[in-house]
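Structure, as structure tokens:
Residue numbers begin at 1 in each chain, while the letters A, B, ... track the order of the sequences. Hydrogens, waters and symmetry mates play no part in the numbers below; they use all other heavy atoms, side chains included.
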Protein chains: 2
Amino acid sequence: MPKRTSKDIRNESRFALLRGLYSLGTATRQELAATTGLSFATISNIVGELVEVGVLVEAGREDSGGGRPVTRLKISPERGALVGVDIAETYIHVDVYDLALGVIGQAESELAIEENEPAALVRRVAGVIDEAASGAGMPRSRLLRAGVSLPGQVDPQRGVSVFAPNWDWHEVHIQALLSEAIGLPVDVDNPLRAIALSELWFGAGRLVNNVATVNLGTGVGAGLAIDGELVRGASNTAGEWGHTTLVFDGRLCRCGRHGCVEAYLGVPGLQQTMAEINAGHDLLTGDRQREFVSDVAKGLSDGDPDCVKLLEVTGRYFAAALGNLINFINPDHVSVLGWTAGIIGPELLKVTEKYLPREVLPSAGSAVRLGLSTVVGNSVTLGMATLALEGFLEQVGVPSRGPAARTAAAKRAGVVPANQAAGT
Amino acid sequence: MPKRTSKDIRNESRFALLRGLYSLGTATRQELAATTGLSFATISNIVGELVEVGVLVEAGREDSGGGRPVTRLKISPERGALVGVDIAETYIHVDVYDLALGVIGQAESELAIEENEPAALVRRVAGVIDEAASGAGMPRSRLLRAGVSLPGQVDPQRGVSVFAPNWDWHEVHIQALLSEAIGLPVDVDNPLRAIALSELWFGAGRLVNNVATVNLGTGVGAGLAIDGELVRGASNTAGEWGHTTLVFDGRLCRCGRHGCVEAYLGVPGLQQTMAEINAGHDLLTGDRQREFVSDVAKGLSDGDPDCVKLLEVTGRYFAAALGNLINFINPDHVSVLGWTAGIIGPELLKVTEKYLPREVLPSAGSAVRLGLSTVVGNSVTLGMATLALEGFLEQVGVPSRGPAARTAAAKRAGVVPANQAAGT
Ligand SMILES: [Zn+2]
Ligand SMILES: [Zn+2]
């Protein structure tokens, strides 16, 4: 991206506060100051703004030990709902979230690869959102904003799908199409951005600032957060660790390169490894990508030697590929998620951890922890809902007003700014 | 690293201003505001502080077109000198810089691998600094601070060499030893941090914010800057791209892993590739690592087919290794430096660029530019001098004073703060 010429400090502070509050559940201003490292005055200003737009509400008052009671704050679950959408090549998944980012409704629909016509696709998405919202008992009018994850290269600033190879999309103005079909403001981004955000706000990122979130499914990729900030890269495609070389001149990858990590750790890669172990294995019959991983899990628990071998070989590949990631960006934490990890994650990590020490430099290896992601639910829709929350706060005009304007607005709204009211 | 709990916003603005000023040479406050995106008020505050401690001086006044003259500012070359030190496994190199970060003196000394006793090593360093300073006609009293780059894992906060494998150092409190031997405040860091900083301040980073700086020498590594910030990682060892897998189960690397990038692109790797092409080649006689690359350059210009083959094979390796880096972090720019690049860089890049398109995803490939670094001189000592400048500014107490304290201090110093004096 072109050189950044300004930085909205106020916004960064606001998101630090919200991230802290999601982590704490409820908090006093003092606790938020302690968690975020922001000054009490800054916290009070931001709290005042968020109370004003109804995002924060009082969660009770408590004795401060010295006199005036202290207000405890929480994110208002009643303020309205955010929509998180994960459009993958084979399905559309929608979660409806309250503002506290708890799931209140969901729906899913299969998608055929040939359903790649943008106008038809967005109608399908709108239908799945309607289904999820009505399941949540949530009228359209209370939906605030939607975050939609799309495969391929996405430009969130322009709202464009720059390139989606599987759909043969080039420069599709998908944000406008979605917004019109859904009847809501929409943010678009790529799933690697979404999983990085959900891990940063709700997973390992609550404790440490350098987190790689590795997704294992049909495809393979990594969402990155460095120094507590989402890494987008120059064209919003950072994290394509799945398309880095593991085996020079190795297997042909669907991206056209040879020997990519994805060609060994994506599900078709696992199938190819199984074929190399035993080309006649039952698991390889038919076109059953989704069932394959479940069958491997069953084979492992039954002691099938070919499945054990598959796990061993795959663990070695995974250890080398993780070693690359760890040596290169020196993260505090690597979180593993994705549907493969959801089925054989514990077994795979156990084997991987056996090989990992020989793949990491001592300096980077001793700094990192590896584990399955602790984020509950769908990390892609959660991350997109987080982005939609950010967009909603912009939309309601929280940022960039001076103290005078803020006070005036608060008076109009009948709210006394926090920095002039609350205890201590 | 543990989760960051605060952020010195003032410091970030200050370094944005200095980085802008190094890029512009001289500038008015208005130009600095335009370059950095900071507000005019912020610029004026910081300029006032830097004028107060003598780091910024007037470079003239000019008509603003409307009345009062506008002050042009520059970094004072006379304020004193900074020392940048590059301690590698085989040499100590010292550059003495004025505050405008121009080189005013230098010295170098060979270092034997067995000279690994910390107390003796720091005496050697002090001697080389004395030689460089006296060559610059600079008395010790005018040296402000030294930045020292050390191989291995360095903890700059604690001033400790955590682990330096080639010297068998563990937890050596090198900063205190150096500071005592040199008689100056000292900052320590790792060369990958230094090259990233010098590229960020003086190279491609002047134009774009996501820059990887690739070092090709005996060893191989990359300094990273993302969103305009130096990437340190969890334990200050980010960037060890040299120790990521290029060939699964490939050549044994000196780090103990197999198939690392360094085992193919480091000079011993180039020698091994040459041995695979023609084990009896003249270039391989004797222990001549340094001369080997020069001889390859000569061979290339003479049309030696083995040297041409070496370049071709190495270019393919380099393209795949760069493809990994580009796909993973999606940089705007990859700068190549190091002594191998200094000798055969143009020829190597030409071959590499031939193979690179097949190694990058379209999304990341179209966003990136590749080129030899344009930073003049030694990037390691320059980066360390930049760190020493940051340390010096902390040391003289520029940060974290309110407007009242600043005005009082300025009055004591006989300087009128810029925000109350200069024309716009
Ligand atoms: Zn690939
Ligand atoms: Zn290595």
*Supply the atom-to-atom distance Glu359(A) CD to His243(B) NE2, rounded to the nearest 0.5 angstrom.*
13.0 Å

*Is it the side chain or the backbone of Ala321(B) that comes within 4.5 Å of chain A heavy atoms, both, or neither?*
neither

*Closest approach of Asp332(B) to Ala234(A) (non-hydrogen atoms, all atoms of both residues)*: OD1-CB, 3.1 Å

*asked:* With chain A as the partner, which of Phe163(B), Phe248(B), Trp241(B) has the greatest number of non-hydrogen pairs under 4.5 Å?
replied: Phe248(B)

*Give, as side chain, backbone, both or neither, the part of Leu230(A) having an atom under 4.5 angstrom from any heavy atom of chain B.*
backbone

*Apply the test side chain to side chain contact (heavy atoms under 4.5 Å, CB included) to residues Asn324(B) and Arg257(A): give CA-CA distance (whole Å), side-chain angles for both, the deciding distance (0.1 Å), then the verdict.*
CA-CA 11 Å; Asn324(B) 292 352; Arg257(A) 301 176 89 230; 3.2 Å; yes

*Options Ala364(A), Ala238(A), Gly323(A), ranked by heavy-atom pairs under 4.5 Å with chain B, top entry*: Ala238(A)

_Run the side chain to side chain contact (heavy atoms under 4.5 Å, CB included) test on Leu325(A) and Phe328(B) for me, step by step, so that the C-alpha distance in whole Å, both residues' side-chain angles and the decisive distance to 0.1 Å come before the verdict._
CA-CA 9 Å; Leu325(A) 184 156; Phe328(B) 190 37; 3.7 Å; yes

*Mind ranking Ala367(B), Ala320(B), Gly239(B) by heavy-atom pairs under 4.5 Å with chain A and telling me who comes out on top?*
Gly239(B)

*asked:* Using modelled atom types and a 3.5 Å cut-off, is there a donor and acceptor pairing between side-chain atoms of Ser235(A) and backbone atoms of Ser363(B)?
replied: yes

_pair Cys255(A)-Leu361(B): side-chain heavy atoms closer than 4.5 Å_ = yes

*asked:* Assess, by modelled atom type and distance only, whether the side chains of Thr244(B) and Asn327(A) contain a donor and an acceptor separated by less than 3.5 Å.
replied: no

*Between Asn330(A) and Thr237(B), what is the shortest heavy-atom contact and its length?*
OD1-N, 2.8 Å

*Look up atom CG in Leu224(A) and atom CD1 in Ile226(B), then write down how far apart they are to the nearest 0.5 Å.*
7.0 Å

*Using non-hydrogen atoms only, which part of Leu246(B) is less than 4.5 Å away from chain A: side chain, backbone, both, or neither?*
both

*If we only count heavy atoms from C-beta on, is the Arg316(A) to Asp249(B) side-chain gap below 4.5 Å?*
yes

*asked:* At a 4.5 Å cut-off on heavy atoms, which part of Val162(B) comes close to chain A: side chain, backbone, both, or neither?
replied: neither

